[in-house]
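Below is one structure, written out as structure tokens, with a few remarks after it.
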Amino acid sequence: MAIRFYNSMHRAKEDLQPIEPGKVGLYTCGPTIYNFAHIGNFRAYMFEDLLKRYLRYRGYEVHHIMNLTDVEDKLIRTCRETGESLKTITTRYAQAFFEDLDTLGIERAEAYPAATDHVPEMVAMIKQLRDKGHTYESEGSIYFRISSFPEYGKLAHINLDELQAGGSGRVDSDEYEREDVRDFALWKAYTEDDGDVFWETELGKGRPGWHIECSAMATKYLGNHFDIHCGGVDNIFPHHENEIAQSCCATGHQFVNLWMHCAHLVVEGKKMSKSLGNFYTLRDLIAKGYDPLAIRWVLVSTHYRQPNNFTFEALDAAGHSIQRVRDFRVRLGEVKGPGGSLDEAIAACEQAFQDALDDDLNIAVGLAAVFDFIRDTNKRLDAGDIGEDASKAALALLDRLDAVTGILGAAPERAVPEEIQQLVLDRQQARRDKNFARADEIRDTLLAQGWVLEDTADGPRVKPA
RNA sequence: GGCGGCGUAGCCAAGUGGUAAGGCAGGGGCCUGCAAAGCCUUUAUCCGGCGGUUCGAUUCCGCCCGCCGCCUCCA
């Protein structure tokens with residue numbers, strides 16, 4: 001079965017057909033590094049992580065580029081307000097961003113090009129656009145003339161005549177001197193407010209507009225025409241629409257084959273906002289003591305085109321699910337000697353998982369297949385019907401699926417301290433002596449010290465609480 | 001005002017024109033000295049509400065309500 005993804009451009013699922021067989025060029029819109037990223041941001045990066053991991057699992061060689069926006073209005077304002085240099089701020093938050101990616105187990109892209117390192121490329125692209133007649137200059141700034149690109153609006157399915165200028169209330173339509181308020185800036189002329197944030201270029205003194213960085217960097221690293229471009233749904237318009245206009249007009253080629261956008265995250269059914277007090281950065285949640293893996297579980301386990309309702313109850317539930325998988329792995333690891341095979345069950349599980357993910361990354365159905373496998377296999381483990389080889393094969397399956405999901409791995413190794421081991425031995429003696437009061441007391445002591453004791457047919461087992 | 005998405009058990013969340021996956025939590029049971037883990041079983045006569053199409057709709061259509069997104073620099 002072919003992999004099918006929903007293409008925002010055509011509002012339908014399409015078979016994945018890479019431009020170069022076996023290889024996928026992937027561009028994902030990255031963060032503006034002016035603050036700590038919030039969990040909604042990571043919902044997007046998590047979806048992209050799942051996409052990339054799955055493509056690799058299916059044998060594709062993925063070349064992934066994510067930009068870092070390090071020059072932009074909010075950043076310049078922050079510079080002005082704090083007196084810190086642009087570089088100081090962006091360096092700090094870029095570092096924080098990468099730490100957060102690691103915390104969540106999000107795999108790194110091949111490159112994270114920053115806008116300020118690509119001003120010449122942006123200038124070159126703007127010149128191309130100018131030479132082809134897609135731009136005009138006004139008060140030192142250069143704008144893209146939307147009317148010069150008939151396909152404008154194709155991605156967002158927007159009828160330009162119906163576009164209400166300033167309808168969002170976010171932008172003052174008198175802010176810039178444009179021929180048409182719908183035109184967007186490629187190059188912004190320097191103003192006093194920009195402080196020392198400017199570049200002296202052939203286009204004059206100023207700084208690049210926002211959209212041009214993605215066009216310039218995507219084409220530089222992935223070519224004029226590449227496979228997949230991702231972002232949050234809010235990027236569809238205007239950002240991605242503008243990227244298409246710039247890139248197509250500059251290069252004369254189709255820009256991207258497949259546009260994939262994830263829905264937003266809401267918290268307890270409400271939009272995340274500071275005024276509602278439900279705005280969380282990853283660091284906020286970690287500080288509250290939540291397990292990063294549980295956060296990953298919540299972010300990754302909802303289909304990417306569905307709104308993800310982030311709740312603390314779901315976060316706790318995710319923790320229990322993780323424990324169930326880990327306990328299962330421990331059981332498998334303890335199996336010794338010959339016994340029954342799991343080949344059929346493993347193949348069925350993996351096929352179901354793959355069929356689900358092939359269908360536009362249906363992770364919920366994929367995970368259901370994993371849980372079905374866990375339940376059925378636990379049953380056979382109870383019956384003593386599984387051999388060591390089968391057990392290892394089951395663990396290998398979990399490892400393969402963990403490479404895709406990042407939530408099915410083993411618990412981190414934690415050595416059992418000697419005094420804990422001694423307590424376990426003491427308890428065994430107490431049980432042999434039928435001194436159950438003493439045995440229970442020791443079990444409580446262990447728990448108080450962070451260890452759960454379980455009696456199994458093969459003797460006691462301790463695990464971190 | 002325009003465009004789009006979502007609304008499924010206590011919570012998270014799949015899904016289909018033919019009568020509701022999975023996880024967590026809860027109830028009952030098996031196992032256990034007791035637990036834990038595991039297993040079995042149970043929890044939506046019903047899929048926001050009201051109509052319509054249909055032999056039949058949660059699934060298609062219309063209206064309403066609620067939540068969310070975009071409408072020129074927000075994932």
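Chain letters run A, B, ... following the sequence lines, proteins first, then strands; residues in each count from 1.
- Atom CZ of residue A:Arg53 and atom CD of residue A:Glu48 lie 13.5 Å apart, to the nearest 0.5 angstrom.
- Between A:Asp372 and A:Arg375 there is a salt bridge, since a side-chain N of the basic residue sits under 4.0 Å from a carboxylate O of the acidic one.
- Side-chain nitrogen and oxygen atoms of A:Asn41 include at least one within less than 4.0 Å of the OP1 or OP2 phosphate oxygen of B:A75.
- Across all strands, A:His303 comes closer than 4.0 Å only to sugar-phosphate atoms, never to a base (heavy-atom distances).
- For B:U45 and B:C40, the C1' atoms lie 24 Å apart once the distance is rounded to whole Å.
- Of the C1' atoms belonging to B:A35 and B:A75, the separation is 46 Å, rounded to the nearest Å.
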Please produce a list of atom pairs where a protein N or O lies less than 3.5 Å from an N or O of nucleotides 25-32 of chain B.
none

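- Taking a pair to require two hydrogen-bonding distances under 3.5 Å in either a Watson-Crick or a G-U wobble arrangement, B:G10 pairs with B:C24.
- Base pairing analysis places B:U54 opposite nothing; no Watson-Crick or G-U wobble pair with both distances below 3.5 Å involves it.
- For the P atoms, the distance from B:A21 to B:C47 is 15 Å, rounded to whole Å.
- Across every strand in view, B:C63 sits in a pair with B:G49 that passes the Watson-Crick or G-U test at under 3.5 angstrom.
- Note that OG of A:Ser148 and CZ of A:Phe144 are 4.0 Å apart. Values are rounded to the nearest 0.5 Å.
- B:C63 and B:C71 are spaced 25 Å apart, taking the P atom of each and rounding to whole Å.
- For B:G15, the OP1/OP2 oxygens have a side-chain nitrogen or oxygen of A:Asn362 closer than 4.0 Å.
- Interface residues of residues 323-333 of chain A facing RNA chain B, ordered by number: A:Arg324, A:Asp327, A:Arg331; criterion, heavy-atom separation under 4.0 Å.
- Scanning atom types as modelled, no donor and acceptor separated by under 3.5 angstrom connect the side chain of A:Arg43 and the base of B:A75.
- A distance cut-off of 5.5 Å between ring centres, combined with a plane angle under 30°, places A:Phe436 in a stacking arrangement with the base of B:G33.
- Nucleic acid contact class of A:Lys434 (heavy atoms, under 4.0 Å, all strands): none.
- A donor and an acceptor atom, one from each side chain of A:Tyr34 and A:Asp70, are nowhere located under 3.5 Å apart.
- With both ends at atom C1', the span from B:U8 to B:G22 equals 14 Å, rounded to whole Å.
- Taking 4.0 angstrom as the limit, A:Lys379 places a side-chain polar atom (N or O) nearer than this to OP1 or OP2 of B:C40.
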Distances for protein N/O vs nucleotides 66-69 of chain B N/O pairs under 3.5 angstrom?
{"unit_1": "B:C67", "atom_1": "O2'", "unit_2": "A:Gly269", "atom_2": "O", "d": "2.9"}
{"unit_1": "B:C68", "atom_1": "OP1", "unit_2": "A:Lys271", "atom_2": "N", "d": "3.1"}
{"unit_1": "B:G69", "atom_1": "OP1", "unit_2": "A:Lys271", "atom_2": "NZ", "d": "3.2"}

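- Between A:Lys154 and A:Glu151, at least one side-chain N (NZ, or NE/NH1/NH2) sits under 4.0 Å from a carboxylate O, which counts as a salt bridge.
- Base engagement by A:Ala368 is indicated by at least one non-hydrogen atom pair under 4.0 Å involving a base atom.
- On a pure distance criterion of 3.5 Å, a polar donor-acceptor pair joins the side chain of A:Arg443 and the base of B:C34.
- In this structure, A:Ile158 atom CD1 and B:G5 atom C1' are separated by 15 Å, rounded to whole Å.
- Residues A:Asp433 and A:Arg438 are not paired through a salt bridge, judged by the lack of any N-O separation under 4.0 Å between the basic side chain and the carboxylate.
- A:Thr201 pairs by the side chain to side chain contact (heavy atoms under 4.5 Å, CB included) definition with A:Val119, A:Val123, A:Trp187, A:Trp199, A:Leu203, not counting sequence neighbours.
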Test A:His264 against A:Arg43 for side-chain hydrogen bond (donor to acceptor under 3.5 Å, both in side chains), laying out the working first. CA-CA 7 Å; A:His264 278 192; A:Arg43 199 270 163 112; over 6 Å; no

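- Pairing for B:C39 is with B:G29, a Watson-Crick or G-U wobble pair whose two hydrogen-bonding atom distances lie under 3.5 Å.
- Note on A:Asp440: a base of the nucleic acid sits closer than 4.0 angstrom, heavy atoms only.
- As judged by a 4.0 angstrom heavy-atom cut-off over every strand, A:Phe371 is placed among residues touching the sugar-phosphate backbone only.
- Spacing between B:A13 and B:G23 at atom C1', rounded to whole Å, works out to 8 Å.
- Using atom C1' as the reference point in both B:C3 and B:U72, the two lie 15 Å apart (nearest Å).
- Residue A:Arg427 is in base contact, counting any heavy-atom pair closer than 4.0 Å across all strands shown.
- Atom CG of A:Asp359 and atom P of B:G15 are 8 Å apart (whole Å).
- B:C74 is unpaired under the criterion used here, namely a Watson-Crick or G-U wobble arrangement in which both key atom distances are under 3.5 Å.
- Per the geometry, CG belonging to A:Asn308 stands 15 Å off P belonging to B:C6, to the nearest Å.
- Between A:Tyr304 and A:Asp360, the side chains place a donor N or O and an acceptor N or O closer than 3.5 Å (distance only, hydrogens not considered).
- Counting non-hydrogen atoms of other residues, nucleotides and ligands closer than 6.0 Å to NZ of A:Lys205 gives a total above 12.
- Considering only residues two or more places apart in sequence or on other chains, A:Asp440 meets the salt bridge (Lys or Arg N to Asp or Glu O under 4.0 Å) condition with A:Arg443.
- Between A:Glu454 and A:Pro31, the residue whose closest nucleotide on RNA chain B is further toward the 5' end is A:Glu454.
- Here A:Gly209 lies out of heavy-atom contact (under 4.0 Å) with every strand.
- Geometrically, A:Lys13 does not engage A:Tyr6 in a cation-pi contact, judged by NZ or CZ lying under 6.0 Å from the ring centre and within 45° of the ring axis.
- Residues satisfying the side chain to side chain contact (heavy atoms under 4.5 Å, CB included) test with A:Val462, not counting sequence neighbours, are A:Val416, A:Val424, A:Trp451, A:Leu453.
- The phosphate of B:A75 has neither OP1 nor OP2 within less than 4.0 Å of any side-chain N or O from A:Asn235.
- The minimum heavy-atom distance between A:Phe47 and A:His261, with the atom names listed, is CE2-C, 4.5 Å.
- The CG atom of A:Asp73 sits 10.0 Å away from the OG1 atom of A:Thr32 when rounded to the nearest 0.5 Å.
- Pair assignment for B:C3: B:G69, on the basis of Watson-Crick or G-U wobble contacts that are both within less than 3.5 Å.
- Within 4.0 Å (heavy atoms only), A:Leu453 reaches at least one base atom of the nucleic acid.
- Comparing the C1' positions of B:C60 and B:U54 gives an interatomic distance of 10 Å, to the nearest angstrom.
- Atom-to-atom, CZ of A:Phe310 to C1' of B:C6 comes out at 19 Å; the value is rounded to the nearest Å.
- The residue A:Leu381 sits apart from the nucleic acid: no heavy atom pair falls under 4.0 Å.
- Considering only the side chain of A:Asp382, B:G38 comes nearest among B:C12, B:G38, B:G23.
- Regarding A:Glu313, its CD atom lies at a distance of 8 Å from the C1' atom of B:C24, rounded to whole Å.
- For the pair A:Asp316 and A:Val452, both in contact range of RNA chain B, the more 5′-proximal nearest nucleotide belongs to A:Asp316.
- Judged by distance alone, the side chains of A:Asn362 and A:His303 never bring a donor and an acceptor atom under 3.5 Å apart.
- Contacts of A:Gln306 with the nucleic acid, taken as non-hydrogen atoms under 4.0 Å apart, involve only primed sugar atoms and P, OP1 or OP2.
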